[in-house]
Asker: 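Mind having a look at this structure? Questions to follow.
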Amino acid sequence: MPAEAEEDPGTETTTAPTPAAPETDGGENSGEEGTAQEVEESEAHDPHAPEIRILGPVEVTGVDSTGHGPRIAQLAALLYFRSGRSADDLCAHMDPVSPWSVSTLNARLQGLRRSLGSDPAGNPYVPRRRSGDDPYRLFPSVRCDWTRFLQLAERALPLGPAGLPDLERALALVRGRPFGGRPLPWAEPYQQEMITRIIDVTHTVATYRTPAGPHHDPSAARQAVATGLDVDDAAELLYRDWMRIEAVAGNRQGLHTAVTRVQQVNRALDCSLELATEQLVNDLLNGSSAAVRIQDPQLRCQ
């Protein structure tokens with residue numbers, strides 16, 4: 001077989017590749033025990049490895065944002081999260097309506113390989129396939145902001161307020177809705193998981209930063225809520241956090257802004273406020289001190 005097996009469309013039509021087990025890269029197995037340690041070891045080995053950023057519009061180190069760049073970046077994300085898939089799977093995932101041809105896949109792989117380059121030992125970050133049975137994958141040292149987010153959150157959540165620095169570092173990685181506004185169908189389940197995790201971390205930070213005490217920081221609490229609402233502007237849990245922040249701060253105008261905003265969002269969605277939100281609005285606007293009591297967060301990210 002030639003060294004560049006994937007550059008020969010005939011390779012895939014005559015020999016069906018056998019999917020391999022996913023690489024230990026923080027993709028499909030990102031929530032499993034040991035991932036954080038593996039990521040730290042990989043980053044220590046190659047701290048300048050390219051990064052796939054999906055906590056917002058998809059971006060990849062070295063990949064242009066024009067021309068074929070956005071599709072190449074999406075292909076990189078697919079290879080990271082769905083390592084070891086066949087050519088047919090990749091082609092269908094990249095365009096379910098009109099699947100790519102194998103020649104198009106190969107051309108985009110070449111572009112991705114050129115963009116990412118090689119590690120210090122000369123290993124391409126997009127390994128060359130030498131036979132039709134070789135998996136489509138990325139080199140294990142390729143990084144991802146989502147894996148880093150999980151690493152920080154899972155390390156911090158069991159620590160209570162002592163974990164705030166890492167939780168806020170995790171939120172600082174979030175640039176918007178994961179995978180952008182219109183993810184490919186394969187990415188939608190990942191997007192939903194990420195949104196849920198981000199909201200949990202946001203709520204935890206707001207819960208620790210709102211009450212009076214050593215961790216009280218209204219600005220940090222507002223920043224966390226703003227990040228979470230940028231990811232899901234219909235998350236009523238976060239609007240309740242926002243209301244409590246403004247109530248504790250004595251910011252009546254800010255409280256009214258939060259109430260008005262959640263009402264507008266629900267009107268646009270043609271749905272009613274959750275009972276917990278209605279009760280909190282009534283209590284806060286009527287000056288009930290019990291409404292601003294902060295309970296320990298339910299840490300669903302663990």
Side-chain angles (χ1 to χ4, degrees), residues 4-13 16-17 19-20 22-23 25-28 30 49-119 123-129 132 134-149 173-195 231:
E4 286 281 346
E6 75 265 18
E7 270 78 3
D8 178 7
T11 299
E12 299 302 333
T13 58
E23 298 286 322
D25 58 9
E28 290 190 306
S30 58
E51 182 180 45
I52 298 168
R53 294 179 290 276
I54 49 74
L55 294 177
V58 180
E59 299 175 350
V60 178
T61 305
V63 175
D64 291 337
S65 59
T66 58
H68 294 303
R71 298 297 276 169
I72 290 175
Q74 290 173 345
L75 175 60
L78 174 59
L79 290 171
Y80 186 86
F81 285 89
R82 296 285 184 93
S83 180
R85 293 302 198 269
S86 69
D88 287 344
D89 283 343
L90 296 178
C91 290
H93 282 318
M94 288 304 302
D95 192 338
V97 175
S98 180
W100 283 4
S101 66
V102 175
S103 61
T104 297
L105 173 63
N106 291 336
R108 300 296 174 264
L109 283 169
Q110 284 183 310
L112 181 60
R113 183 177 295 115
R114 285 193 299 268
S115 296
L116 299 192
S118 302
D119 72 0
N123 300 301
Y125 289 114
V126 181
R128 301 178 187 276
R129 299 174 62 252
D134 287 350
Y136 289 88
R137 63 185 181 89
L138 299 176
F139 202 62
S141 61
V142 172
R143 299 173 296 150
C144 181
D145 57 355
W146 170 239
T147 304
R148 180 63 175 163
F149 180 98
L173 298 172
V174 179
R175 298 173 290 111
R177 198 168 179 86
F179 294 99
R182 299 180 62 184
L184 291 169
W186 73 265
E188 290 174 352
Y190 295 100
Q191 183 190 59
Q192 291 306 310
E193 177 192 359
M194 292 170 190
I195 290 171
V231 168

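Scope of the values below: all heavy atoms of this structure, side chains included, with no hydrogens, waters or symmetry mates. Owing to the predicted nature of the structure, the values given are computational and were not obtained by experimental measurement. For the single chain, residues carry numbers from 1 onward in sequence order.
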Asker: Taking the side chain as everything from C-beta on, heavy atoms only, tell me whether Leu105 gets closer than 4.5 Å to Met94.
Answerer: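 No - every pair of side-chain heavy atoms lies 4.5 Å or more apart.
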Asker: Do the ring planes of Trp186 and Phe81 sit parallel (below 30°), tilted (30 to 60°) or perpendicular (above 60°)?
Answerer: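 Rings of Trp186 and Phe81: tilted, 30 to 60°.
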Asker: Might you point out which heavy atoms bring Ser101 and Cys91 nearest each other, and give the distance in Å?
Answerer: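 Heavy atoms of Ser101 and Cys91 come nearest at O-SG, 3.7 Å.
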Asker: If we ignore angles and hydrogens, is there a donor and acceptor under 3.5 Å between the side chains of Arg82 and Tyr190?
Answerer: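 Result is yes, a qualifying pair exists.
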Asker: Drop me the distance from Leu90's CG to Ser86's OG, to the nearest 0.5 angstrom.
Answerer: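 So the gap between those two atoms works out to 6.5 Å.
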Asker: Which residue, Ile52, Val60, Thr147, Leu79, forms the side chain to side chain contact (heavy atoms under 4.5 Å, CB included) with Val142?
Answerer: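 Among Ile52, Val60, Thr147, Leu79, the one meeting side chain to side chain contact (heavy atoms under 4.5 Å, CB included) with Val142 is Ile52.
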Asker: Nearest 0.5 Å, what's the CD1-OG distance between Ile72 and Ser65?
Answerer: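 Interatomic distance, Ile72 CD1 to Ser65 OG, rounded to 0.5 Å: 12.0 Å.
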Asker: Please tell me if the side chains of Trp100 and His93 come closer than 4.5 Å, counting only heavy atoms from C-beta onward.
Answerer: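 Side chain of Trp100 against side chain of His93, heavy atoms only: no contact under 4.5 Å found.
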Asker: Just wondering, do Leu112 and Leu138 contact through their side chains at under 4.5 Å, heavy atoms?
Answerer: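 The answer is yes, as the side chains (C-beta and beyond) meet within the 4.5 Å cut-off.
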Asker: Kindly give the heavy-atom pair with the smallest separation between Pro183 and Gln191, and that separation in Å.
Answerer: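 Shortest heavy-atom separation between Pro183 and Gln191 comes out as CG-NE2, 3.6 Å.
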Asker: One thing to verify: whether Arg148 and Glu51 come together as a salt bridge, which I'm taking to mean a side-chain N less than 4.0 angstrom from a carboxylate O.
Answerer: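 So Glu51 does not pair with Arg148 through a salt bridge.
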Asker: Closest approach of Tyr136 and Arg85, non-hydrogen atoms and distance?
Answerer: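 Reported closest heavy-atom pair: CD1-O, 3.4 Å.
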Asker: If you measure only the distance, is there a donor-acceptor pair under 3.5 Å linking the side chains of Gln110 and Arg113?
Answerer: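 No - no donor-acceptor pair under 3.5 Å links their side chains.
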Asker: Nearest 0.5 Å, please: how far is CG in Asn123 from OG in Ser141?
Answerer: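 Between atom OG of Ser141 and atom CG of Asn123 there are 8.0 Å.
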Asker: Heavy atoms only: give me the nearest Tyr125-Asp119 pair and the separation to one decimal.
Answerer: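 Nearest heavy atoms, Tyr125 then Asp119: OH-CA, 3.2 Å.
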Asker: Taking C-beta and beyond as the side chain, do Glu193 and Trp146 meet within less than 4.5 Å on heavy atoms?
Answerer: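 Of all side-chain heavy-atom pairs linking Trp146 with Glu193, at least one is under 4.5 Å.
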Asker: Ignoring hydrogens, what is the shortest heavy-atom contact between Gly67 and Pro70? Give both atom names and the distance.
Answerer: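 Looking at all heavy atoms of both residues, the closest pair is O-CD, 3.5 Å.
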Asker: Please tell me if the side chains of Thr61 and Arg53 come closer than 4.5 Å, counting only heavy atoms from C-beta onward.
Answerer: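 In contact.
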Asker: Which atom pair, heavy atoms only, marks the closest approach of Ala73 to Val58?
Answerer: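 Taking Ala73 first and Val58 second, the nearest heavy atoms are O-CG1, 3.6 Å.
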Asker: Could you check if a side-chain atom of Pro50 sits within less than 4.5 angstrom of a side-chain atom of Arg143, using non-hydrogen atoms only?
Answerer: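 When only atoms from C-beta onward are counted, Arg143 and Pro50 do not touch, as no gap falls below 4.5 Å.
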Asker: Less than 4.5 Å apart, any side-chain heavy atom of Leu116 and any of Pro124?
Answerer: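 Result no, sub-4.5 Å side-chain heavy-atom pair not found.
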Asker: Tell me if a side-chain donor or acceptor on Asp95 pairs with a main-chain N or O of Val97 at a distance below 3.5 Å.
Answerer: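 Yes; at least one donor-acceptor contact below 3.5 Å.
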Asker: Could you go through Arg175 and Glu59, starting from their C-alpha distance and side-chain angles, then the distance that decides it, and tell me whether this counts as side chain to side chain contact (heavy atoms under 4.5 Å, CB included)?
Answerer: CA-CA 11 Å; Arg175 298 173 290 111; Glu59 299 175 350; 3.4 Å; yes
Asker: Output the distance between atom CG (Asp145) and atom CG (Leu55), rounded to the nearest 0.5 Å.
Answerer: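 Between Asp145 CG and Leu55 CG, I get 3.5 Å after rounding to 0.5 Å.
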Asker: Determine, step by step, whether Met194 and Phe179 satisfy the side chain to side chain contact (heavy atoms under 4.5 Å, CB included) criterion, reporting the C-alpha distance in whole Å, the side-chain angles of both residues, the deciding distance to 0.1 Å, and the verdict.
Answerer: CA-CA 10 Å; Met194 292 170 190; Phe179 294 99; 3.7 Å; yes
Asker: Which distance, rounded to the nearest 0.5 Å, do you find between the CZ of Arg182 and the CZ of Arg177?
Answerer: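 Atom-to-atom, Arg182:CZ and Arg177:CZ are 13.5 Å apart.
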Asker: Measuring from Ile54:CD1 to Phe149:CZ, what's the distance to the nearest 0.5 Å?
Answerer: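 One finds 10.0 Å between CD1 of Ile54 and CZ of Phe149.
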